Amino acid sequence: MLEIQNLTKSFGPFKALNNLSLSVNDGELFGFVGANGAGKTTTMKICVGLERADSGSIIIDGTEALDPKGRSSLRGKVGYVPDFFGVYADLTASEYLHFFAGAYNIWGRDADILSDNLLELVNLSDKANEQVDSLSRGMKQKLCVARALVQNPKILFLDEPASGLDPKARHELKEILRNLSSMGKTIIISSHILPELIEMCSSIGIINHGEMKFNGSIEDALALSAGGEFIEITFSGDPGRALSLIKECPFVTGAELTSKGIRVTANADDAEYTALLKKLIVNDIPVATFSKNHENVEDIFLNIMEGGSTNAENNA
Amino acid sequence: MQKIMLKNPVFLKDISIKAKRSRMAVSLFVINVLASLVAIFILFISNAGMVSMDPMDLQAFTWIFDGFIIVECAFVCLMVPSETGPSIANERERQTLDVLLTTKMSHFDIILGKYLSSVAYTLLLLVSLLPFLSVVLIYGSISFIQLVGVMLAVIETVMYLSAFGILYSTLVKKSSRASASALAVVFLLVFGTIFLCLIIHLIAAAANSGNYYNGRIFKANIFNTGDFSFFLLYFNPATTVFDVLDKIVGFDIFSDNYHGMAGIIAETSSVLTPDNFFVKHWAPVGFVVQIITAFYMLKLSAAKLAGNTRRVKLGKKNNN
């Protein structure tokens, strides 16, 4: 559905996108992750025709989006929710959708039906005649999603849609997006919070400084954390020589003091971990807890961002 | 035109929003109160004449009408920039422009919708003043046809100046700055063109110092190219309104034989004659020039709106 190849964009001396390539399959819910300023919004803006690229290619549903003719034909196929609400405070929710229906040449009874259906889809039917200004932040965001669906697009670009929403509104938004995904729409959703996307996306792309660091399934992303297994040991008293004892073990690859105790990384099996624990106890080290942990998704995100092994590089 | 307006969502949305806001009601109220005071003053003067049994001076009523139109034009010059300046800039500030640009509407349609809603709003205020303008009709000093003729000139002025306001709204990001820039352009068109015309004449006269020192700076007989700077005034809406007003209603202040711009040119130019086609038909030619200019300004605005999204090098491989 979406194929980006070697996309490059500079703002003066600043290179916002550097040979960025990614692909999203039909009907996929794709999470686009990156720190603030990584290039997510620029990529999305280029995809929807709001920004021009310096070079590269974007194929959406078989059409070159960077070609003016192609862009024009894609206007009915692409929906966009920017990272701000972009609503007219003086209109009612229904008038707002009618306005955008008119922008897609949908008028009269058709526009009425469309507006009602979209408001129902985003659970705002009871707010149809309320001023947009009086809606909560979450409701405004849902209205924006409804607006992006006016032309029944095949692909939706949502730029940080959950930003600033309370947990309830986030949950409702996620449900709407899952619902849209089940309707066969391809959804590209950006965020700088990976856990938020991992819950609902089938694949993710991680971008840093305008370069694609990872592009693949959630499972592949989590697999990258295999080497991120570690042992966390806490103590009920002075750990004494614990750190040197741990480092003596041949299977230990790293050990460091943390605020809680000692964090150990090792290429070991359960028997070797048992041996390590025995060694500490035999040496009168007051071990309180000894637990095997995995890095959390935030750590995975940071590792990939900081240049760990990347799927994008492997694919290249 | 009706189809263009009723099928333009931007126009319909803007008109709907403007109608909901209290600003429109307040503007209508203030303008009509001021116009009422003027109308009451006119009626007071005319009644005073009747009480004293003096014959009514109908010429005085035409002067009042002229004054009313001049005030109305001054109002247009102030109103149009404040109305059109924020139109696109507001969308940008409200961050709704990006969303609008991703729809199927062409950039020109967006601009046209903004332009038509601004023109319609200003015209609504002007139409509300028609009853007051019509006070002079009571005494028969001007006819209904004269009134319509002058109003058409004012409407054309609104359409012309609004196009500049829309252009500046696309060029300048902040709505307040866009309004200020549009106001500056209106002043440049009204006063700047006259000033420029004078400067060119002075330079032309200075090139012939004999003519310069004898004081007839506008009658440079040898170096007369300065006279053609008069055509710059086609871009000045004040000249077309003046031409219409003087020809239809009459000021009778420049020439006994010629009215409108032809009268002024008869007084000041040695090359252009009042019977020259372009001088004689100053208002119609001026209207054509101004409407073409307005159309070009709107096209330019649409191009500016599209400016950020046009040039792309397709499929170019980057080997950096």
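Keep in mind that what you see is a predicted model, and the values were worked out from it rather than measured.
Using modelled atom types, one side-chain atom of B/Lys20 and one backbone atom of A/Asp90 make a donor-acceptor pair closer than 3.5 Å.
Atom NZ of B/Lys174 sits in a sparse spot, with 12 or fewer heavy atoms from other residues, nucleotides or ligands closer than 6.0 Å. Environment of OH in B/Tyr160: crowded, with over 12 heavy atoms of neighbouring residues, nucleotides or ligands closer than 6.0 Å. Residue B/Lys104 places its NZ atom among 12 or fewer non-hydrogen atoms of other residues, nucleotides or ligands, all under 6.0 Å distant. Atom CZ of A/Phe11 has more than 12 neighbouring heavy atoms from other residues, nucleotides or ligands inside a 6.0 Å radius. B/Arg177 CZ: 12 or fewer foreign heavy atoms inside a 6.0 Å radius.
Both the backbone and the side chain of B/Thr102 come within less than 4.5 Å of a heavy atom of chain A. Looking at A/Gln151, there are no atoms closer than 4.5 Å to chain B (heavy atoms on both sides), in backbone or side chain.
Of all residues in residues 97-104 of chain A, those placing a non-hydrogen atom less than 4.5 angstrom from a non-hydrogen atom of chain B are A/Phe99, A/Phe100, A/Gly102, A/Ala103, A/Tyr104.
A/Tyr88 and B/Glu91 get closest at one heavy-atom pair: OH-OE1, 2.6 Å. Closest heavy-atom contact between B/Lys13 and A/Leu91: CG-CD1, 3.7 Å. Residues B/Thr96 and A/Val87 share a closest heavy-atom pair of CG2-N, 3.8 Å.
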Please report the C-alpha distance between B/Val99 and A/Arg147 in whole Å, then the side-chain angles of each, then the deciding distance to 0.1 Å, and finally whether the side-chain contact (heavy atoms from CB on, under 4.5 Å) criterion is met.
CA-CA 9 Å; B/Val99 172; A/Arg147 190 264 310 145; 3.2 Å; yes
Begin from the C-alpha positions of B/Leu101 and A/Leu50 and carry the test side-chain contact (heavy atoms from CB on, under 4.5 Å) through to its verdict.
CA-CA 7 Å; B/Leu101 291 173; A/Leu50 287 174; 3.7 Å; yes
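One finds the CG atom of B/Leu12 at 11.0 Å from the CD atom of A/Glu95 (value rounded to the nearest 0.5 Å).
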